[in-house]
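What follows is a set of notes on a single structure, which appears directly below.
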Amino acid sequence: MDDIRLKRLRFRAWHRGTREADLMIGGFFDRHGESWDAGQLDWFEALLEEQDVDIMGWAIGSIPCPPEWDGPMMAQMRALDFVKVER
């Protein structure tokens, strides 16, 4: 696994611009990223180019997910079992 790529993806996943997006997208990466193969990392890297509101909407089901993003990785993101909210 390419450590530089993982570090870059982690940074991008956690610096989205809003706390909600950071928790969802960054938390998803932290929970699953190190176990992903090259194809899954490619998927995630491309997903990071999308708008946060779209990614979050697809993940929570408030807007329809385009077919190119809908699949096993989005299903994993939809589980939301990786979001830890501290109060």
Side-chain angles (χ1 to χ4, degrees):
M1 193 66 55
D2 182 353
D3 287 340
I4 294 171
R5 185 180 189 193
L6 289 175
K7 287 177 183 177
R8 185 180 69 245
L9 288 174
R10 180 173 285 116
F11 182 86
R12 290 183 63 206
W14 276 104
H15 293 86
R16 303 302 297 177
T18 65
R19 180 167 168 78
E20 294 83 0
D22 289 350
L23 288 169
M24 178 178 282
I25 299 166
F28 179 61
F29 180 82
D30 281 356
R31 173 76 189 282
H32 300 288
E34 290 194 17
S35 68
W36 290 337
D37 63 26
Q40 291 167 314
L41 288 170
D42 290 346
W43 181 93
F44 186 74
E45 194 166 29
L47 181 74
L48 293 178
E49 298 300 321
E50 298 294 326
Q51 296 294 314
D52 292 345
V53 293
D54 292 332
I55 296 169
M56 294 173 66
W58 301 333
I60 64 173
S62 63
I63 58 175
C65 185
E68 64 267 29
W69 298 114
D70 207 5
M73 292 285 286
M74 186 57 69
Q76 210 175 37
M77 185 176 251
R78 285 185 183 126
L80 294 176
D81 59 353
F82 51 84
V83 177
K84 295 181 176 117
V85 179
E86 297 179 20
R87 296 174 197 244

Can you see which heavy atom on [X] is nearest to which on [Y], and at what distance?
{"X": "Ile4", "Y": "Asp2", "value": "N-OD1, 3.1 Å"}
{"X": "Phe44", "Y": "Ala13", "value": "CZ-CB, 3.9 Å"}
{"X": "Met73", "Y": "Phe28", "value": "O-CZ, 3.6 Å"}

Inset, instruction - Let me see the working for Arg31 and Gln76 under side chain to side chain contact (heavy atoms under 4.5 Å, CB included), right down to the final yes or no. - result: CA-CA 10 Å; Arg31 173 76 189 282; Gln76 210 175 37; over 6 Å; no
Legend entry - Check: Trp43 and Asp37 side chains under 4.5 Å, non-hydrogen atoms: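 Of all side-chain heavy-atom pairs linking Trp43 with Asp37, none is under 4.5 Å.
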Inset, instruction - Could you check if a side-chain atom of Phe29 sits within less than 4.5 angstrom of a side-chain atom of Arg12, using non-hydrogen atoms only? - result: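 In short, these two side chains do not touch, never coming nearer than 4.5 Å.
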Inset, instruction - If a pair satisfies side chain to side chain donor-acceptor pair (under 3.5 Å) and one of its residues is in residues 51-65, list it, with sequence neighbours excluded. - result: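 Every pair satisfying side chain to side chain donor-acceptor pair (under 3.5 Å) with a residue in residues 51-65: Arg16-Asp52.
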If hydrophobic clusters are built from ILVMFWY residues whose side chains come within less than 4.5 Å, do [X] and [Y] share one?
{"X": "Met74", "Y": "Ile60", "value": "yes"}
{"X": "Ile63", "Y": "Leu48", "value": "yes"}
{"X": "Val53", "Y": "Ile55", "value": "no"}

Keeping [X] on the side-chain end and [Y] on the backbone end, is there a donor-acceptor pair under 3.5 Å?
{"X": "Trp36", "Y": "Leu41", "value": "no"}
{"X": "His15", "Y": "Phe11", "value": "yes"}
{"X": "Glu50", "Y": "Leu47", "value": "no"}

Inset, instruction - Report the C-alpha separation of His32 and Gln40 in whole Å, then their side-chain angles, then the decisive distance to 0.1 Å, and conclude whether the side chain to side chain contact (heavy atoms under 4.5 Å, CB included) test is met. - result: CA-CA 10 Å; His32 300 288; Gln40 291 167 314; over 6 Å; no
Inset, instruction - List for me each residue that meets salt bridge (Lys or Arg N to Asp or Glu O under 4.0 Å) alongside Arg78, sequence neighbours excluded, and say none if there are none. - result: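 Applying salt bridge (Lys or Arg N to Asp or Glu O under 4.0 Å) to Arg78 gives Asp70.
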Legend entry - Sidechain N-carboxylate O distance under 4.0 Å for Asp3, Arg10: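 The answer is no: the pair does not qualify as a salt bridge.
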Legend entry - Gap between atom CG of Asp30 and atom CG of Leu23 - 0.5 Å precision: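 If I round to the nearest 0.5 Å, the distance is 10.5 Å.
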Legend entry - All side-chain hydrogen bond (donor to acceptor under 3.5 Å, both in side chains) counterparts of Glu68, not counting sequence neighbours: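 Scan of Glu68 (side-chain hydrogen bond (donor to acceptor under 3.5 Å, both in side chains), adjacent residues dropped) gives none.
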